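Just so it is clear: chains get the letters A, B, ... in the order the sequence lines come, proteins before strands, and each one is counted from 1. In this text the structure is predicted, and so the values were computed from the model without any measurement.
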Protein chains: 2
Amino acid sequence: MTVNVPLYQAKAELFRTLGHPVRIRVLELLQAGPRPVHELLAEIDVESSNLSQQLAVLRRAGLVSSSRDGAAVLYTLSTPAVAQLLLSGRRILASMLADQEGLLAELRESADTV
Amino acid sequence: MTVNVPLYQAKAELFRTLGHPVRIRVLELLQAGPRPVHELLAEIDVESSNLSQQLAVLRRAGLVSSSRDGAAVLYTLSTPAVAQLLLSGRRILASMLADQEGLLAELRESADTV
DNA sequence: ACCGTATATGAAGACTTCTTCAAGTGATGT
DNA sequence: ACATCACTTGAAGAAGTCTTCATATACGGT
């Protein structure tokens with residue numbers, strides 16, 4: 001999937017994989033170390049089958065890997081480089097919010113989700 | 001769009017915005033400085049109306065801003081932090097390819113685009 | 001005023017991704 | 001062997017994104 005494909009396309013796929021709130025939360029939780037699914041489930045507000053689906057997306061993309069631990073399944077970040085990426089994301093958001101402070105009022109005039 | 005919304009959702013939206021090959025290429029080209037649309041068009045293999053659509057996505061997300069320069073329109077990165085993010089992306093890809101070198105053969109058995 | 005080049009926009013259909021549901025597997029305790 | 005807990009999977013409709021086409025706007029030159 002990330003192999004044998006133009007670089008910018010592989011990059012787009014990587015970012016697209018991160019483009020989902022549940023997947024972001026999973027990766028953030030996994031930064032602190034491996035965790036079983038039921039712990040993730042306790043912290044993320046989502047149905048268990050949905051969480052499984054999203055974990056499968058992360059697995060296919062190679063961002064996490066899983067291993068069985070008794071009845072539980074442990075998930076682990078495949079590379080600590082993921083933490084860097086999330087950090088950069090946080091920085092951009094911060095820098096954009098700073099820039100846009102003046103626009104706040106204007107934005108609030110339209111509906112929340114616009 | 002990035003305002004008034006849980007942080008992890010804002011982050012997901014940011015990453016989703018990056019999740020398109022044309023948009024990635026645009027951002028990478030803009031790292032070197034502002035550029036008019038026709039120059040981007042010359043380097044990215046895409047129809048001009050499609051490029052416009054993708055530029056609009058980047059504008060709405062606040063990642064770039066545009067200004068007119070005569071008949072041309074110049075696009076600029078809104079924040080240099082974007083460069084960091086792209087760099088992190090590149091690093092992850094590198095570290096994943098390194099990990100997966102052993103899987104190369106296996107992957108090549110399936111079709112190119114799988 | 002008109003033409004050409006540069007760019008943007010709206011709308012429609014194809015395509016992809018999301019969520020949910022029902023059913024499935026595997027491990028543990030009784 | 002059975003029940004239960006932990007997790008995964010496949011399928012289907014809803015929702016979202018992409019690409020393309022036709023049309024629109026802005027500017028500069030003649």
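Near-neighbour residues of DNA chain D inside residues 18-32 of chain B, defined by a heavy atom below 4.0 Å, number-ordered: H20(B), R23(B).
Contact of S49(A) with dC21(C) (side chain to base): a donor-acceptor pair of N or O atoms is detected under 3.5 Å.
Listed pair Q53(A) / dT20(C) fails the phosphate criterion, with no side-chain N or O lying under 4.0 Å from OP1 or OP2. In terms of phosphate contacts, H38(B) brings a side-chain nitrogen or oxygen within less than 4.0 Å of OP1 or OP2 of dT7(C). The side chain of Y75(A) contributes no N or O atom lying less than 4.0 Å from OP1 or OP2 of dA6(D).
Remark: E28(A) does not engage R23(A) in a salt bridge, criterion side-chain N to carboxylate O under 4.0 Å. Ionic pairing of R60(A) and E13(A) is not present here: no N-O contact between side-chain nitrogen and carboxylate oxygen is shorter than 4.0 angstrom.
Both R68(A) and N50(A) lie near DNA chain C, and the one whose nearest nucleotide falls closer to the 5' end is N50(A). A residue-by-residue look at A56(A) and R16(A) shows that A56(A) has its nearest nucleotide of DNA chain D further toward the 5' end. Heavy-atom nearest nucleotides on DNA chain C were determined for Q54(A) and for D69(A), and the one closer to the 5' end corresponds to Q54(A).
Rounded to whole Å, atom C1' of dT19(C) lies 13 Å from atom CG of L51(A).
In terms of hydrophobic clustering, with Ile, Leu, Val, Met, Phe, Trp and Tyr side chains grouped at heavy-atom distances under 4.5 Å, Y8(A) and L41(B) are assigned to a common cluster.
From K11(B), atom NZ reaches atom NE2 of H20(A) across 15.5 Å, with rounding to the nearest 0.5 Å.
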Query raised in the report: Reading DNA chain D 5' to 3', how would its secondary structure be written in dot-bracket notation, given Watson-Crick and G-U pairs with both distances under 3.5 Å, brackets [ ] for crossing pairs and | for partners on other strands?
Result: ||||||||||||||||||||||||||||||

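R91(A) places no side-chain N or O within donor-acceptor distance of the main-chain N or O of Q84(B), the cut-off being under 3.5 Å. Checked by atom type and distance alone, the side chain of R25(A) never pairs as donor or acceptor with a backbone atom of Q9(B) at under 3.5 Å. Side chain of S78(A) to main chain of G62(A): a donor-acceptor pair is present (N/O by atom type, distance under 3.5 Å, no hydrogens or angles).
Scanning both residues, F15(B) and G89(A), for their nearest heavy atoms gives CZ-CA, 4.2 Å. Of all heavy-atom pairs spanning S88(B) and L85(A), the tightest one is CB-CD1, 3.4 Å.
Nearest to the side chain of S52(A), among dT8(D), dT20(D), dA6(D), sits dT8(D).
Residue-level contact check: E47(A) touches the backbone only, with heavy atoms under 4.0 Å from sugar-phosphate atoms and none from bases.
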